[in-house]
Amino acid sequence: MYLNCHSYYSLRYGTMSVETLVEQAAGRGVQALALTDINNSMGIMDFIKACRQHGIHPVAGIEFRDGNRLLYTGVARNNDGFRELNEFLTACNVNKQPLPADPPPFKDAWTIFPFGSKTPAQLLDNEYAGIRPSEVRRLFSSPFRHKPSKLVINQSVTFGTKDDYAIHRHLRAVDNNTLLSKINGEHLAAADEHFRPLDQLLEAFRSYPDVIRNTEHLLGDAHIDFDFSTIKNKDCFTGSRYDDKLLLEKLALDGMVYRYGKHNPEASQRVKHELEIIDRMGFSAYFLITWDIIRYSMSRGFYHVGRGSGANSVVAYCLKITDVDPIELDLYFERFINPKRTSPPDFDIDYSWKERDEVLDYIFKRYGKKHTALLGTISTFRDRSIVRELGKVYGLPKTEIDHLVQYPDDMMNRSRITEKIMYIGHKIMDFPNQRSIHAGGVLISEAPITAYTALDMPPKGFQTTQWDMYVAEEIGFEKLDILSQRGIGHIRECVDIVLDNQRRKIDVHDVEAFKKDPKVRDQLRRGETNGCFYVESPAMRGLLKKLRCDNYLGLVAASSIIRPGVAKSGMMREYIWRFHHPDEFEYIHPVMEEQLKETYGVMVYQEDVIKICHHFAGLDLADADVLRRAMSGKFRSKSEFKRIAARYFENCKARGYTDELTREVWRQIESFAGYSFSKAHSASYAVESFQSLYLKSHFPLEFMVAVINNFGGFYRTWVYVNEARRCGATINLPCINRSQPKTSIRGKDIYLGFIHISNLESRTISAILEERELRGPYKSLNNFVSRVPIGLEQLVILIRIDAFRFTGKGKKVLLWDAHMQLGQNTTVKRDKSLFQLPEKKFTLPELEENTLEDVYDEIELLDFPVTLTSFDLLKTSFRGEIMARDLMKHTGRMVRMVGNLVTIKNVRTVKKEWMHFAAFLDAEGEFFDTIHFPKSLKKYPFRGYGVYLILGKVEEELGFPSITVEKLAKLPVKPDPRY
């Protein structure tokens, strides 16, 4: 009788999870149930599994709405009907068309209209009207009285408990972006949308047995089911699995000669073994599709980095999917060939942020839009977002909402309204809120994607599944991650800049040579990594110095132990200590020595979790991998996790381990697994880091220009500009005749790009460059104004940033000229005359120029000074008792230093107090690091970015100095003379 049920996947409408909905139905003896969420089918897969568990007959459908208005509900007769409904919704989403008032006549799905919206004569064969128990009385005067065969019972279900209606009202207010007090009937579900006792429901329609029979017929005739055990990815690459096997074998063996030479028995044996496994498990197509994408991108000259568990495979290395040699790294092959694993190993392919969309475009066109989609993701209501959304619903001012978010336990926040916000917030915690796009997941399906889900069309322009990676995995999809990152962008751009500036070609893929390069190794050891991918943060620079890291394998380990879980568990500190004292520690168990000797008994990689769970606790490899994935948030089944965790403790007890030992190993596993990298992943990152390090070591100026141009690094632009100056560059302000949109270099002169100038419009930049390219450099301000269509406001910006300094005139004179020529005109048409008229000459009194004014113009327009440094702006001439380079000489002493704040990392202590780790630059442009404990921080907090006077004690840990701060004060600067 329940043809119209909503779960909380009816976003900001439904109040029950799919599991709760099905459990409530089972508790009431319901035998058949239809899930019809609003404008999506994202919950159907979970619904089918839940119905199986509770012995309920599942029916799939979609409720179609235009805003708050119900149009109709589609109910699938079978899997083909489910696909029809998905295709109909997808077409509207993809084409950005509103849902039509009348859907097409579905072949394998029924359409149910709200009672009263159509007459019986207007309904097609597959169409019905749904009548609620509360509407039965209206039948007396309705044309349906004589045509009950076109009626079905429409007992909607939206609520499970008494609280749910209040939750629903709040969700509707959030969805409509309005106050709770303004929500009315048109926004809301009817209050009786819950599971009515079946006898009551039938009693309401006792006089209309045809309606009951129609409803029972629809529910009985409808059937939906899926095979969750088989792989849904594209089955073949060539057309047959046998041909796939032959092609993959050919490509792998050819690649093996390229990677290892003709005579390498170990590589040959490993490749053949892997090929056998890949074929047996049906993964050949997945490898070939990945190879095909790599082949296309390499043909376009795009750089890529291959990661993921697939990088544990030598075959992937031979296909150039990855640049990580699994044999060199002794990668844990069991993670790849896990005999109980039904899904292929995942590949993460990173591209430059500029090139990723072109690769995605190729994938969609190569494999067809019917079979290709980006993977969706679902953002949920979480702590802060809940408070903000509900605060707006109650009309709280932004300042009150901010205070409530920042200090939820503050007694000043206690009121009837805030209590209600917290109560409702707790109820909707983890409810789905919005659908979005996964960072990089792509699905390539054998059957059309709409067989499993409807698709959205986000602004990105690639169709996207409505469900997320967890559902995709449970159905049997294995995603391919096509990701973007700025690191690859700056490597690619640096190679191009070096070719242009120095006429030198660089093979950036010659990583083996980079690993042995003494200049690179020295730079790594000294932590000279500013701008280098993944190794430039203050924490990473400190770690590299403490480990005296100067080789590839050391960097692979460092890339993983820097992750939060390792640091939090105390194992990062333990690893560093053991690295320096290899003969002064004891392994807590022989298995730790046997399996983790390379990393001094410390779990560093995800594979280590699998090793210890398997060899220490006796879990089989499949269960060990499930445990690892569950801890990293990539496995949904809590019951499965609890089962395996229980088995861990049972096995340890059976093996005679003490409770203390068992708990300590579990603590290390638990705190570590959620944040660790796989070894292959760390190795891939280390390869990219070495590419960056090589470029910075040998071509530092070109490298820093590339980093500046790709944005998105760890630091803000001014830090990279400082680094370029530190490496010997002369930094020039943007220039009308020399600058490009992005920052450029000529010899050792770096010209900041127009793109960095605040409020300078892109059309102005384009006009400047097009005209300069066409007719040569500009000769004067008048010449510029006559050639470029520009308004006074844009021209003033260029003058203030000193882009016309080639004229030899001061900025004030140029501003006078600009106003004389343009007046208040917003734009001037380009002078197309054959001969240029002579400039009018004006005699002006001598106008005073002030460097400090110029610097404040730079700060306003660029966000940082160029002509002077931040230290030059200070009222004091004091630059500190010592510089960063001398810190080690003053270990244990109190010192006063002056530093320009670069970045702050906030950390909560065990006592829930805040402490900070900060990085500064001294007057020579060198980094130094500070630690601010809660006691000091409360008395001497940071006051925003700027230059600080710091008093503290110099501490040293394994060759890395830092200052434990006692006092801190932001130094005053010279006033802005412009005002």
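What you are looking at is a predicted structure, and each value in this text was computed from that prediction instead of being measured.
- Ring-plane geometry between Trp467 and Phe477 is classed as tilted, the angle between the planes lying from 30 to 60 degrees on a 0 to 90 degree scale.
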Legend entry - Verdict with reasoning, Glu664 to Arg667, per salt bridge (Lys or Arg N to Asp or Glu O under 4.0 Å): CA-CA 5 Å; Glu664 172 56 22; Arg667 183 192 70 80; 3.1 Å; yes

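- Between Gly160 and Thr15, the shortest heavy-atom distance links the atoms N-OG1, 4.3 Å.
- In this structure, NE2 on His490 lies 6.5 Å from SG on Cys532, to the nearest 0.5 angstrom.
- The two atoms that bring Ala472 and Leu375 nearest to each other are CB-CD1, 3.9 Å, heavy atoms only.
- Between the side chains of Gln485 and Glu688, at least one donor N or O sits under 3.5 Å from an acceptor N or O.
- Legend: residues meeting ring-ring contact (aromatic ring centres under 6.0 Å, His included) with Tyr8, ordered by chain and number and at least two apart, are Phe431.
- With hydrogens and angles ignored, the 3.5 Å screen pairs a side-chain donor or acceptor of Tyr534 with a backbone N or O of Ser559.
- With hydrogens and angles left out, the side-chain atoms of Asn433 and Thr380 include no donor and acceptor closer than 3.5 Å.
- A salt bridge links Glu913 with Lys938: at least one charged nitrogen is closer than 4.0 Å to a carboxylate oxygen.
- Atom NZ of Lys96 has more than 12 heavy atoms from other residues, nucleotides or ligands within 6.0 Å.
- Ion pairing of Lys479 with Asp481 is present here, as a side-chain N (NZ or NE/NH1/NH2) and a carboxylate O approach within less than 4.0 Å.
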Inset, instruction - Check step by step if salt bridge (Lys or Arg N to Asp or Glu O under 4.0 Å) holds for Asp350 and Arg356. - result: CA-CA 8 Å; Asp350 290 335; Arg356 173 179 178 254; over 6 Å; no

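- The backbone N or O of Leu374 sits nowhere less than 3.5 Å from a side-chain atom of Gln463 that would complete a donor-acceptor pair.
- Test Trp914, Phe917, Tyr948 against Phe942 for ring-ring contact (aromatic ring centres under 6.0 Å, His included) and you get one pass: Tyr948.
- Annotation: Arg908, atom CZ; neighbour count of heavy atoms from other residues, nucleotides and ligands within 6.0 Å is above 12.
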Inset, instruction - Report the C-alpha distance between Glu186 and Arg69 in whole Å, list the side-chain angles of each, state the deciding distance to 0.1 Å, and finish with yes or no for salt bridge (Lys or Arg N to Asp or Glu O under 4.0 Å). - result: CA-CA 8 Å; Glu186 71 173 279; Arg69 186 166 67 95; over 6 Å; no

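- Contact record, Pro941 with Leu968: O-CD2, 4.0 Å, taken as the closest heavy-atom pair.
- For the pair Arg307 and Phe347, the cation-pi test (distance below 6.0 Å, angle within 45°) is failed.
- Scanning for ring-ring contact (aromatic ring centres under 6.0 Å, His included) contacts around Phe928 gives Phe920, with sequence neighbours left out.
- Remark: of the listed residues His168, His6, His194, His6 is the sole one forming a side chain to side chain donor-acceptor pair (under 3.5 Å) with Thr158.
- With a 4.5 Å cut-off on side-chain heavy atoms, Ser870 and Trp718 do not count as touching.
- A side chain to side chain contact (heavy atoms under 4.5 Å, CB included) with Ile62 is found for one member of Ile38, Ile44, Leu89 and no other, namely Leu89.
- Between Ser7 and Asp37, the side chains place a donor N or O and an acceptor N or O closer than 3.5 Å (distance only, hydrogens not considered).
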Inset, instruction - Starting from the C-alpha separation in whole Å, work towards a yes-or-no answer on ring-ring contact (aromatic ring centres under 6.0 Å, His included) for Tyr394 and His170. - result: CA-CA 9 Å; Tyr394 279 96; His170 285 78; 5.5 Å; yes

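- Taking CE from Met16 and CD from Glu23, the interatomic distance works out to 11.0 Å, rounded to the nearest 0.5 Å.
- A salt bridge does not link Asp164 with Lys427: none of the charged nitrogens is closer than 4.0 Å to a carboxylate oxygen.
- The shortest side-chain heavy-atom distance between Asp175 and Leu171 does not fall under the 4.5 Å cut-off.
- With hydrogens and angles ignored, the 3.5 Å screen pairs no side-chain donor or acceptor of Thr930 with any backbone N or O of Val965.
- Using modelled atom types, one finds a donor on one side chain and an acceptor on the other under 3.5 Å when comparing Asn710 with Trp353.
- More than 12 heavy-atom neighbours from other residues, nucleotides or ligands sit within 6.0 angstrom of CG on Asn906.
- Remark: the Asn68 side chain and the Arg172 side chain contain an N/O donor-acceptor pair separated by less than 3.5 Å.
- With contacts defined as side-chain heavy-atom distances shorter than 4.5 Å, the pair His756/Thr717 qualifies.
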Legend entry - Working for ring-ring contact (aromatic ring centres under 6.0 Å, His included), residues Phe711 and Tyr720: CA-CA 10 Å; Phe711 302 94; Tyr720 298 122; 9.8 Å; no

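- Classification of Asp357 and Lys460 as a salt-bridged pair holds, one side-chain N sitting under 4.0 Å from a carboxylate O.
- Summarising the geometry, atom CE belonging to Met45 is positioned 11.5 Å from atom CG belonging to Leu35; distances are rounded to the nearest 0.5 Å.
- Nearest heavy-atom pair across Ala645 and Trp666 is CB-CH2, 3.7 Å.
- Judged by distance alone, the side chains of Tyr13 and His187 never bring a donor and an acceptor atom under 3.5 Å apart.
- Within the 3.5 Å criterion, the main-chain N or O of Ala454 finds a donor-acceptor partner in the side chain of Asn86.
- For Asn39, the side chain to side chain contact (heavy atoms under 4.5 Å, CB included) criterion is met by Phe64, Arg65, Leu99, not counting sequence neighbours.
- Side-chain contact check for Tyr470 and Asp46: no donor-acceptor pair (N or O, by modelled atom type) lies under 3.5 Å.
- Residues His438 and Asp468 have side chains that never bring a donor and an acceptor to within less than 3.5 angstrom of each other.
- Contact between Ile421 and Val387 at its shortest, heavy atoms only, is CG2-CA, 4.4 Å.
- Atom NZ of residue Lys49 and atom CD of residue Glu19 lie 10.0 Å apart, to the nearest 0.5 angstrom.
- The two residues Ala919 and Asp929 make their nearest non-hydrogen contact at CB-OD2, 4.0 Å.
- With rounding to the nearest 0.5 Å, the separation of CD in Gln466 from CG in Leu455 is 7.0 Å.
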